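These values consider heavy atoms only, across backbone and side chains, with no hydrogens, waters or symmetry-generated copies. The model shown is predicted, which means the values in this text are computed figures rather than measured ones.
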Number of protein chains: 2
Amino acid sequence: MALEHALLVALSEKPGSGLELTRRFERSFGYFWHATHQQIYRVLGRLVDAGELDVEVVAQTGRPDKKVYRVNEAGQRALADWLATSTPLEPLRSEVAVKMRGASFGDRAAVLAGLREHLDDHRVRLEHYQRLAAAYGLDPGSDLPGAARHLEGATLDQYLVLRGGIRLEEFWIGWITDYLDAHSTNPEPDPGSTR
Amino acid sequence: MALEHALLVALSEKPGSGLELTRRFERSFGYFWHATHQQIYRVLGRLVDAGELDVEVVAQTGRPDKKVYRVNEAGQRALADWLATSTPLEPLRSEVAVKMRGASFGDRAAVLAGLREHLDDHRVRLEHYQRLAAAYGLDPGSDLPGAARHLEGATLDQYLVLRGGIRLEEFWIGWITDYLDAHSTNPEPDPGSTR
DNA sequence: TCACGCATGTAACAGGTTACATGATTGT
DNA sequence: ACAATCATGTAACCTGTTACATGCGTGA
C-alpha cells in the first residue's frame, strides 16, 4: 500500500539503484519505513511497469552494472496525488505491549529481562539519531521553532522527521522505564507461579 | 506471528467468544494490538486445532449460540514459552512520516491539512485513554512509582500498558505539533509548485 | 416487512518475510 | 582457491485486509 510511495519520495530526493535504496532504507529512511531488498526490487519493477519510474543502466568500472531509477512526470503526479489523500489513523501493533500485559501469565522475571535489553537497544538508537540530528548543524537539545529557521524545504522535512524518530525513542525509553520501575518497587512474590 | 499470543493473553485474562474478543480488541486491547473479527475467528480455529484452546458451546436465550474459548494447559505453556523469548526491535512503518518527508514533492498545504486532522484524532484518543486511566482510581497526572502502589498483577500490567498508550498519543501530538509549527513560522512561497 | 444487532464464518487478494539463487570482481 | 562485497533477482510462505455470506431474533 505504501512502499510504492516511500520509494517515490526516496527517489524524488535522489535517484538511485536498488542496492543504494536498500542502504538508504537501512539508514535514514529506515527509522520510519522498513523494507528489505527483495521487496524493494519487486516494487521497483512494478513502478517501472506502471510507467512511474524511468530506468537507466549505468556501466561501472570494476563492478557489475547497476540500474538507476528516476521518478518521471507520471510518478511525480502519482506521488502528489497520494500526498493529498488523507491518512487513516495507523493501527498499532506492539509485541512488547502484549508481553507487558501478559507477563503475569508466565515468568515475569524473563519478561523484565527482555525489556531491559530492549531498553538498551532503544538507548543506542536514540544516541545514533541524536548524532544524525547534530549533523544538521544545530543544537540537538534546543526546541523548535527557532532552532530550525535556517533549514528549508526537503532538508527541513528530513530534520523534522528525524526529530520524530528521536521523540519515538524517548517514548519507548520512558514507557519501558515506567514499567520496570513499577515492577521493581512493587515486586511480586513467587514470580513464575503467579498464574 | 503474534495475534496468536495476543489472543492467548486476552483469553487468559478472561475466556470469551469470538465476538466478545472482537469487542475487546476494539477497546482496551485495541490500543496496542489491532485485529478484525475475520482474523480473530481464523486464528481461534487454528489455536483450537493446535490444542491450545478449549471450546464450549453456550446456548443463550433470545440469541444465537456462542462458542466460549478458554486457554487450556497446553495453551498456558505455549504462552509462557513465548513470553520468555526475546522480542526483536519492532521495525517502524509510518505513512504519516513518509508524507511529512515527501511534502515538498507535492502540495504542502494539503499535507499540513491532513496532519491537522490527524492531530485532532490523536487528541480525542488521548482524552479517551485518560478517562480509562482515571477508572483505575488514581490521579491521572501523577507519575509512577508510588501512584500505582495499590495495583498488582494483571491489573497493574493493564494500567501500565494503558500508560504506554497515553505516552504514545503524547508522542504523536508532540511530533505533529512540531512539524506544523516549523512550517507555519517558516512558510514557503508557492506551495504546490515547489517541485 | 424491514432494519438492526448478535454471532459465525468464507474467499480473494495484497503485502511482507524468509530462504534460496546467480554472477562478477576484489582482496587474502 | 576462498571469502567478501557489489548487484540483481525468484519462489514459497505467512499475515493481514476487504468484500461477501448466512441465519436468528427483536423492535418499529
J.: Using the closest heavy atom to pick a nucleotide of DNA chain D for each, name whichever of H37(B) or V43(B) lands nearer the 5' end.
T.: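 Final value for this comparison: V43(B).
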J.: Measure the acute angle between the ring planes of H118(B) and W172(B), then classify it against the limits of 30° and 60° as parallel, tilted or perpendicular.
T.: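 Geometry flag for W172(B) against H118(B): tilted rings.
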J.: Identify whether NZ of Lys or CZ of Arg in R93(B) sits under 6.0 Å from the centre of the six-membered ring of W33(A) and within 45° of that ring's axis.
T.: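 Flagged: R93(B) positioned over aromatic ring of W33(A).
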J.: Does Q39(A) put a side-chain nitrogen or oxygen below 4.0 Å from OP1 or OP2 of dT17(C)?
T.: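 Yes, within the criterion.
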J.: Taking CD from E20(A) and C1' from dT5(D), how many angstroms apart are they, rounded to a whole number?
T.: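 Distance, rounded to whole Å: 15 Å.
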J.: Return whichever of R93(A) or K67(A) has its heavy-atom-nearest nucleotide of DNA chain D closer to the 5' end.
T.: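 On the 5' side of the pair lies K67(A).
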J.: Send over the distance from L7(A) CG to dG16(C) C1', rounded to a whole Å.
T.: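 The answer, rounded to whole Å, is 14 Å.
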J.: Verify, without hydrogens or angle tests, whether D54(A) (side chain) and Y69(A) (backbone) share a donor-acceptor contact under 3.5 angstrom.
T.: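 Not confirmed, D54(A) side chain does not pair with Y69(A) backbone.
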J.: dG9(D) P sits how many Å from I40(A) CD1, rounded?
T.: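 So the two atoms are 13 Å apart, to the nearest Å.
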J.: If you pin R42(A) and P64(A) to their nearest nucleotides in DNA chain C, which one's is more 5'?
T.: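 The residue closer to the strand's 5' end, by nearest nucleotide, is R42(A).
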J.: List in numerical order all residues of residues 8-19 of chain A for which some heavy atom is under 4.0 Å away from an atom belonging to DNA chain D.
T.: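 Here the set is S17(A), G18(A), L19(A).
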J.: At under 4.0 Å between heavy atoms, what does Y69(A) touch on the DNA or RNA strands: base, sugar-phosphate, or nothing?
T.: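 The residue Y69(A) makes sugar-phosphate contact but no base contact.
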J.: Under 4.5 Å side-chain heavy-atom separation, chaining through any Ile, Leu, Val, Met, Phe, Trp or Tyr, what else clusters with L19(B)? Say none if it is isolated.
T.: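 When side chains under 4.5 Å apart are linked, the cluster holding L19(B) also contains Y41(B).
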J.: What's the NE2-P distance between H5(B) and dC14(D), to the nearest Å?
T.: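 Atom NE2 in H5(B) sits about 15 Å away from atom P in dC14(D).
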J.: Between W175(A) and Y179(A), is the ring centre distance below 6.0 Å?
T.: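 Between W175(A) and Y179(A), the centre distance exceeds or equals 6.0 Å.
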J.: Closer than 4.0 angstrom, basic N to acidic O: yes or no for E52(A) and R77(A)?
T.: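 Answer for the salt bridge query: no.
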J.: In whole angstrom, what separates Q38(B)'s CD from dT15(D)'s C1'?
T.: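 Result: 14 Å.
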J.: Please check this pair: side chain of R70(B) against backbone of L11(B), looking for a donor-acceptor N/O pair closer than 3.5 Å.
T.: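 No; zero donor-acceptor contacts below 3.5 Å.
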J.: Run the salt bridge (charged side-chain N to carboxylate O under 4.0 Å, His left out) check on E20(A) and K14(A) step by step: do they pass?
T.: CA-CA 10 Å; E20(A) 281 166 6; K14(A) 191 165 182 290; 5.7 Å; no
J.: Heavy-atom count check: over 12 atoms from other residues, nucleotides or ligands less than 6.0 Å from R116(A) CZ?
T.: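 Yes, the 6.0 Å shell around CZ holds more than 12 heavy atoms from other groups.
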J.: Can you list, by residue number, the residues of residues 44-60 of chain A that have a non-hydrogen atom closer than 4.0 angstrom to DNA chain D?
T.: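 Contacts with DNA chain D under 4.0 Å: Q60(A).
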J.: Y41(B) side chain N/O closer than 4.0 Å to the phosphate oxygens (OP1, OP2) of dG9(C)?
T.: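 Answer is no, no contact under 4.0 Å.
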J.: Nearest whole angstrom, please: distance from the C1' of dT8(C) to the CG of L21(B).
T.: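 For the pair L21(B) CG and dT8(C) C1', the rounded distance is 13 Å.
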J.: Which whole-number value in Å describes the distance from K66(A) NZ to dG9(D) C1'?
T.: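 Rounded to the whole Å, the gap is 18 Å.
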J.: Of the candidate nucleotides dC6(C), dG16(C), dC6(D), which contains the atom at the shortest distance from the side chain of R23(A)?
T.: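 Looking only at side-chain atoms, R23(A) lies closest to dC6(D).
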J.: Nearest whole angstrom, please: distance from the P of dT15(D) to the CD of E95(A).
T.: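 Distance, rounded to whole Å: 12 Å.
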J.: One thing to verify: whether E56(B) and K67(B) come together as a salt bridge, which I'm taking to mean a side-chain N less than 4.0 angstrom from a carboxylate O.
T.: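 Result for this pair is no, no salt bridge flagged.
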